[in-house]
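The structure under discussion appears below in the form of structure tokens.
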Amino acid sequence: MNAPSSDPVDVLHSAVTAAAWRLAGDEGVSPALDPSPRPEMGDYSTNAAMMLAKPLGKPPREIAAELAAAIEAELGAALEKTEIAGPGFINLFLGDAWYREAAASMSATGAAAVSPVARPERVIVEFVSANPTGPLTAASGRHAAYGDALSRLLKETGHAVTTEYYVNDGGTQVDNFAASIAARMTGDEPPEDGYKGTYVNELAERAATEGHDPTDLERLARTGVEWMVEGIRGSLENFGVRMDDFFSERSLYEDNLVDRGIQRLRDNGHVFEEDGAVWLRTTDFGDDKDRVLVRSSGEVTYFGADVAYHVDKIERGNDRLIDVLGADHHGYVPRMAAAIQSLEGDRAEFEAQIMQLIHLVEGGQRTKMSKRAGDIVTLDELTQDIGVDAARWFLLARSHNQTIDLDLDLARSQSSENPVYYVQYAHARIQSILRKAAEEGGPGSGDPLAAPVDPSEKALVSKVLEFPAEVHEAAEKRAPHRICAYASEVAAAFHAFYRDCQVVGAEGEGVQAARIQLCGVTAETIKRSLGLLGITAPDRM
RNA sequence: GCGCCCGUAGCUCAGCUGGAUAGAGCGUUGGUCUACGAAACCAAAGGUCACAGGUUCGAAUCCUGUCGGGCGCGCCA
């Protein structure tokens, strides 16, 4: 929006902004330009006059009249007319040519190119990071889908992104895990608070056949975690999520990063010792209480190691650290935020995205998700059950900040009531039309720019034109679910267009060519939208 | 007790840095295949946006309080 842009909507928006600035003598205001809610309200609407009402000290509708004239002067022939409506909205009515040129411009530059943000950042997104002591659950799948889609969105808007899985391969849970495997190897029951899932039996069997010693818990822990991480990596890849790195907690110790990290906190003067433990004074930065980094026993806490990990992320040159965390870890956020604020010099923005819970619903009942009883639904089971595309769609379609019920019966159905197929169907339908158009000999005669425009073509063009703004908004708000909604809207606009407008064999000079072009940019927009969600856009279904 | 998240149509949820008549999917009712894919389209019904105050030209959206639900408050991870 700052740089000159060939995006047709940007051009309109810039014209409105320029007119507002000229009128107000102030470059501070940033009026909105939105598609009009209803066709009788024109094509685009701006609230600029209302925004200027206070600074200019005049009634909005009076300002709107002056502003409308300025906008008309700014835009010239592209604009058919303006109208002032309601409390002071200015509605812009565009001519057919504007729509044809907009579609042609998208077709030429690649549909709706997304311009990079003004200030690109190096961002590291850490997500899933589930303990490597068991398979990924459906809940982890929600984290994975979200973190992956968010990363894709950030990349799309010009940021340099790395994705990382923090592997908690040290500490008590892993000891516990090893003890559980060992118990199964010797035919005993796992410890009371141990791991009892059937996958532990399988690991035990494998360990036995490979000649592991059930009394060598350290080696068993290392091997068991290794196998689990391999399994997790496979589950994620099968789910379309490829992490840039799996970062081992244990490697922090091996590479001496824990001492270094804690030393860095110490240098900044917020570390103290009490009761034989080493503390970080997180209360200096808004936390409820101070936190232990090193226990009186000499063991580093989970928090201590995690701080060191985050310091390392910063030292690797990242500007922004995004942690995708479960709702049950939200209490952890203030202390990590405090730790990072306590750093002086080389720092980064820390940001936590909290995932709310997910319930799987089947036959109208919530399925049990008790980890203890071992009857969790794994990510592998979920993707096998409903397919990767449907799983990703259903896990992403709702705000990550909202607890959701995932209706397995609906997700499983390969029929019309399943929303993911609605969007994919639109794409396949377009490809079918384009195939047919190619078979029947190309675009036909006439200048597509001069072809008249049907109302449902207008609706489709303007929906497709929203793509860059939607992507930016979804990225900024960390809200991939907006792309699901947007993709559905594009599909709906296409289906309406299909109802009203014949493509192959359309009457009129340039009409067929124009519509083929529109089909092309629509298909590309759907494909790119789904691509941001990690969902395929099949040419045939 | 304190903190975070949430409360919008029968169900599942969008919309929340304030904007025009609050939307979608599913479900319900009725209609549409002799044009390029009916996995589609059209129409109807369905709402005290939890409740009560406040802020203002304007509040589902912002502020305060109340009620209801989820999660969290370790020298656990």
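Order of the sequence lines sets the chain letters (A, B, ...), proteins ahead of strands, with each chain counted from 1.
For the P atoms, the distance from A60(B) to C4(B) is 24 Å, rounded to whole Å.
Between the CZ atom of Arg335(A) and the P atom of C76(B) there is a distance of 11 Å, rounded to whole Å. In this structure, OH of Tyr498(A) is placed 10 Å from P of A39(B), rounded to the nearest angstrom. One interatomic measurement links the two molecules: CD of Glu489(A) to P of C13(B), which rounds to 19 Å at whole-angstrom precision. Atom CG of Leu434(A) and atom P of C36(B) are 15 Å apart (whole Å). C13(B) atom P lies 13 Å from atom CG of Asn401(A), rounded to whole Å.
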**Study point:** Under 4.0 Å protein heavy-atom contacts per nucleotide of nucleotides 15-20 of chain B, with B for base, S for backbone only and - for none
**Key:** SSS-BB
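Comparing C36(B), G72(B), C13(B) by their closest approach to the side chain of Val504(A) singles out C36(B).
Contact annotation: Lys436(A) side-chain N/O to A35(B) OP1/OP2 distance is not under 4.0 Å. Distances shown here put a side-chain N or O of Arg295(A) below 4.0 Å from the OP1 or OP2 atom of C76(B).
Across all strands, Ile404(A) comes closer than 4.0 Å only to sugar-phosphate atoms, never to a base (heavy-atom distances). At a threshold of 4.0 angstrom between heavy atoms, the contacts of Asp275(A) include nucleobase atoms, whether or not backbone atoms are also involved.
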